[in-house]
Amino acid sequence: MTDHDARDAAPVDDPIEVRRARLDAIRAAGQEPYKLSFDVTARAAGLAATHAGLEPGSETADTVSVAGRVVAIRDQGKVAFVVLRDSTGDLQLFCRPNAMGEDGFAEVKELDLGDWVGASGTVLRTRRGELSVAPTSVVLLSKSLRPLPEKFHGLTDTETRYRQRYVDLIVNTEVRDTFMKRFAIIASIRRYMESQGYLEVETPMLHPIPGGATARPFATHHNALDMQLYLRIAPELYLKRLLVGGFEAVYEINRSFRNEGISVRHNPEFTMLEAYRAFTDLRGMMDLTEGIVRTAASEVLGTLSVTYQGASIDLGSPWRRATMIELTSDAAGEDVSFARSVDELRALCAKHEAPVEAGWGKGKLITELFEKLVERTLVQPTFVTDYPLETSPLARKKPGHPELTDRFELIITGREFANAFSELVDPVDQRERFAAQMAAKVDGDDEAMGYDEDYLRAMEYGMPPAGGMGIGIDRLVMLLTDSASIRDVLLFPHLRPES
RNA sequence: GGGCCGUUAGCUCAGCUGGUAGAGCAGGGGACUCUUAAUCCCAAGGUCAUAGGUUCGAUCCCUAUACGGCCCA
């Protein structure tokens with residue numbers, strides 16, 4: 001059987017098979033390749049800070065235990081340099097047989113890139129200036145069976161980066177930095193909200209009637225109740241029920257779901273902050289929005305001047321305030337307002353290649369013109385105010401202007417970041433708004449809001465005057481981390497299944 | 001939904017006018033007691049996304065599909 005002999009003798013060139021063989025050999029030698037735990041006494045960043053003044057070529061008596069993933073091995077025969085990566089940074093192990101024994105040194109040479117190891121030894125700085133731990137022992141904590149991507153270029157294939165984010169996080173340290181900023185931004189927002197007296201609450205994600213926004217929902221089914229449920233498109237109507245219940249300031253940071261297209265700005269599930277406060281109005285929500293964004297930027301970035309995709313954004317100066325109608329009229333070079341007839345507005349939409357559909361009223365047409373002509377031009381933070389009633393079914397009417405609402409959207413870098421109103425608290429008015437939404441739904445608008453009778457009942461018990469605001473957390477993180485795509489700020493962005 | 005682009009070794013990339021594929025890193029064997037993308041020597045590694053078509057012959061040209069990217073709606 002020469003074939004068989006040849007196969008047995010042939011070197012194994014599949015990296016996974018090589019590692020499996022090592023795993024078997026470790027077990028055969030009576031060792032456990034997946035340890036229970038390891039007592040860590042120091043981390044890479046901490047050592048770098050405490051030993052910053054250590055001179056090249058000098059040793060200390062400081063004994064530490066460190067742990068991390070092996071990301072590089074430079075084997076020089078009787079010396080081996082192993083680079084460990086922990087959650088704070090990288091640290092070199094300076095391995096020599098005279099410090100750790102011939103057997104221990106031989107085990108170091110059996111390590112693979114990707115293995116988790118723990119090491120104990122003294123701190124020194126090599127003659128070449130690299131802070132290192134010279135271990136007296138190195139223990140394998142968890143054996144890796146798959147090869148890591150190339151050490152210099154890392155992992156660049158976007159599809160693999162998103163599908164196997166764990167690998168992306170291992171080898172692309174700037175990705176970890178982006179997510180560390182994301183977590184810091186959200187923590188900053190929670191601290192700020194608490195400092196402003198808001199309670200963080202949790203409301204249902206499974207809604208019998210999708211509401212609080214105009215968007216297509218994901219539908220699901222509850223078996224025991226045999227009923228259709230929807231993943232929430234917004235938490236708004238539940239949070240405002242809490243105002244009725246007497247909580248004066250509430251907020252929620254969590255996922256909402258919209259059954260719509262995927263783009264660099266849209267993921268089917270996304271994170272939103274919504275906040276509601278009794279006895280305030282749109283002006284209070286402007287202050288809150290500025291406070292949240294400025295606090296997050298200064299705490300996480302240390303500056304209110306940020307660069308987004310090459311554009312300088314000034315978050316510090318007072319944010320511009322302008323009405324939709326004045327902005328759109330300026331851009332169109334003529335009056336775009338409710339003074340124009342529906343036919344004139346439709347003609348303007350056609351002229352400027354804005355979408356037009358049968359049944360749209362003046363308010364919807366003006367909004368389309370705004371989005372077509374103005375929105376992407378607003379690079380610096382701008383509160384756009386006075387949104388049409390037609391597209392704002394939950395906002396209070398603007399006094400003296402029955403076709404407008406007391407609402408703003410915050411636009412930065414040409415994109416919507418936040419949306420806020422003086423809340424509609426009049427149950428009779430709200431019932432009329434829902435009826436208009438139902439009429440739109442009958443006309444084929446599948447984004448129209450559902451008629452939520454329980455929400456009306458709550459309002460009829462009395463909702464205090466209030467301001468409310470929602471801010472897209474993913475987009476805020478994109479802005480503050482200079483990320484071009486929402487996928488770069490979502491740990492596991494939505495992708496089609498692998499074929 | 002439409003347009004354009006991409007898919008070659010584990011990873012990062014080459015591949016000429018159509019003649020059955022190369023490199024670096026990783027992995028394997030060897031040398032080396034201060035390396036930093038260590039260095040040096042040797043050997044190995046491929047269903048060229050998938051399915052069809054054109055052709056004597058296809059990684060290359062054509063069609064479709066899958067997945068991804070960018071732009072538009």
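Lettering follows sequence order; numbering is per chain, from 1.
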Does any nucleotide pair with [N] by Watson-Crick or G-U wobble geometry, both distances under 3.5 Å, and what is it?
| N | answer |
| --- | --- |
| B:U59 | none |
| B:C25 | B:G10 |
| B:A64 | B:U50 |
| B:C4 | B:G69 |
| B:U33 | none |

Could you tell me how far apart [X] ([atom1]) and [N] ([atom2]) are, to the nearest whole angstrom?
| X | N | atom1 | atom2 | answer |
| --- | --- | --- | --- | --- |
| A:N172 | B:A37 | CG | C1' | 15 Å |
| A:N259 | B:G1 | CG | C1' | 15 Å |
| A:R163 | B:G68 | CZ | C1' | 8 Å |
| A:Q164 | B:G68 | CD | P | 14 Å |
| A:R19 | B:G27 | CZ | C1' | 8 Å |
| A:L495 | B:A66 | CG | C1' | 14 Å |

*Look at the aromatic rings of A:F94 and A:F81 and report parallel, tilted or perpendicular, splitting at 30° and 60°.*
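A:F94 and A:F81: parallel rings.
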
Nearest to the [X] side chain among [options], which nucleotide is it?
| X | options | value |
| --- | --- | --- |
| A:T158 | B:U36, B:G27, B:G69 | B:G69 |
| A:R487 | B:A26, B:C34, B:G69 | B:G69 |
| A:D112 | B:C34, B:G68, B:G28 | B:G28 |

Quick one: pull up [atom1] in [X] and [atom2] in [Y] and give me the separation to the nearest 0.5 Å.
| X | Y | atom1 | atom2 | value |
| --- | --- | --- | --- | --- |
| A:E409 | A:N419 | CD | CG | 4.5 Å |
| A:M100 | A:E107 | CE | CD | 8.0 Å |
| A:R415 | A:L410 | CZ | CG | 13.5 Å |
| A:F408 | A:F383 | CZ | CZ | 4.5 Å |
| A:K364 | A:E357 | NZ | CD | 7.5 Å |

*Test the A:R407-A:Y387 pair against the cation-pi criterion, namely NZ or CZ under 6.0 angstrom from the six-membered ring centroid and within 45° of the ring axis.*
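Judged by the rule (NZ or CZ under 6.0 Å from the ring centre, within 45° of its axis), A:R407 counts as positioned above A:Y387.
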
Does a donor on one side chain sit under 3.5 Å from an acceptor on the other, for [X] and [Y]?
| X | Y | answer |
| --- | --- | --- |
| A:R43 | A:T88 | no |
| A:E447 | A:T214 | no |
| A:E32 | A:Y34 | no |
| A:D482 | A:Q309 | yes |
| A:S132 | A:R125 | no |
| A:T481 | A:S483 | yes |

_Nucleic acid contacts of residues 90-105 of chain A, taken as heavy-atom distances under 4.0 Å to RNA chain B_ =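 Of all residues in residues 90-105 of chain A, the ones placing a heavy atom under 4.0 Å from RNA chain B are A:Q92, A:F94, A:R96.
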
*Which of residues 72-82 of chain A sit near RNA chain B, with a heavy atom under 4.0 Å from it?*
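Contacting residues: A:R74, A:D75, A:Q76, A:G77, A:K78, A:V79, A:F81.
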
Can you tell me, in whole Å, how much space there is between the [atom1] of [N] and that of [M]?
| N | M | atom1 | result |
| --- | --- | --- | --- |
| B:C67 | B:U50 | C1' | 11 Å |
| B:A14 | B:U8 | C1' | 10 Å |
| B:A38 | B:C34 | C1' | 11 Å |
| B:U65 | B:A58 | P | 23 Å |
| B:C16 | B:C62 | P | 15 Å |
| B:G22 | B:G45 | C1' | 13 Å |
| B:C11 | B:U7 | C1' | 15 Å |
| B:C5 | B:U63 | P | 11 Å |

_Using O4'-C1'-N9-C4 for purines and O4'-C1'-N1-C2 for pyrimidines, with syn meaning within 90° of 0, is B:U12 syn or anti?_
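Anti, since the glycosidic angle lies more than 90° from 0.
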
*Which residue pairs pass the side-chain hydrogen bond (donor to acceptor under 3.5 Å, both in side chains) test when at least one of the two sits in residues 57-67 of chain A, sequence neighbours left out?*
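Passing the test, one end in residues 57-67 of chain A: A:H51-A:D62, A:S65-A:S120.
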
I'd like a table of atom pairs between the protein and nucleotides 71-73 of chain B - only N or O on both sides, under 3.5 Å - with the distance next to each one.
from: B:A73; atom 1: OP1; to: A:K372; atom 2: NZ; distance (Å): 3.4

*Those residues that, when tested against A:N259, pass side chain to side chain donor-acceptor pair (under 3.5 Å) (two or more places apart)*: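 Per chain and number, A:N259 pairs via side chain to side chain donor-acceptor pair (under 3.5 Å) with no residue.
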
*Indicate, with a heavy-atom threshold strictly under 4.0 Å, whether A:I16 touches base, sugar-phosphate, or nothing.*
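It contacts nothing in the nucleic acid.
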
*Closer to the 5' end of RNA chain B via nearest nucleotide, is it A:R22 or A:F152?*
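First, find each residue's nearest nucleotide; the 5'-ward one identifies A:R22.
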
*So which one's nearest nucleotide on RNA chain B is more toward 5', A:S485 or A:R125?*
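The answer here is A:R125.
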
*Under 4.0 Å protein heavy-atom contact, by nucleotide of nucleotides 6-13 of chain B - B base, S sugar-phosphate only*: -----BSS

*asked:* OP1 or OP2 of B:A66 versus the side-chain N and O atoms of A:R496: is any pair under 4.0 Å?
replied: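 Answer is no, no contact under 4.0 Å.
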
*OP1 or OP2 of B:A26 less than 4.0 angstrom from a side-chain nitrogen or oxygen of A:K151, does that happen here?*
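Answer is yes, contact under 4.0 Å.
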
*Heavy-atom check, side chain of A:Q92 versus side chain of A:R74, under 4.5 Å*: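 Counting from C-beta outward, A:Q92 and A:R74 do come under 4.5 Å.
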
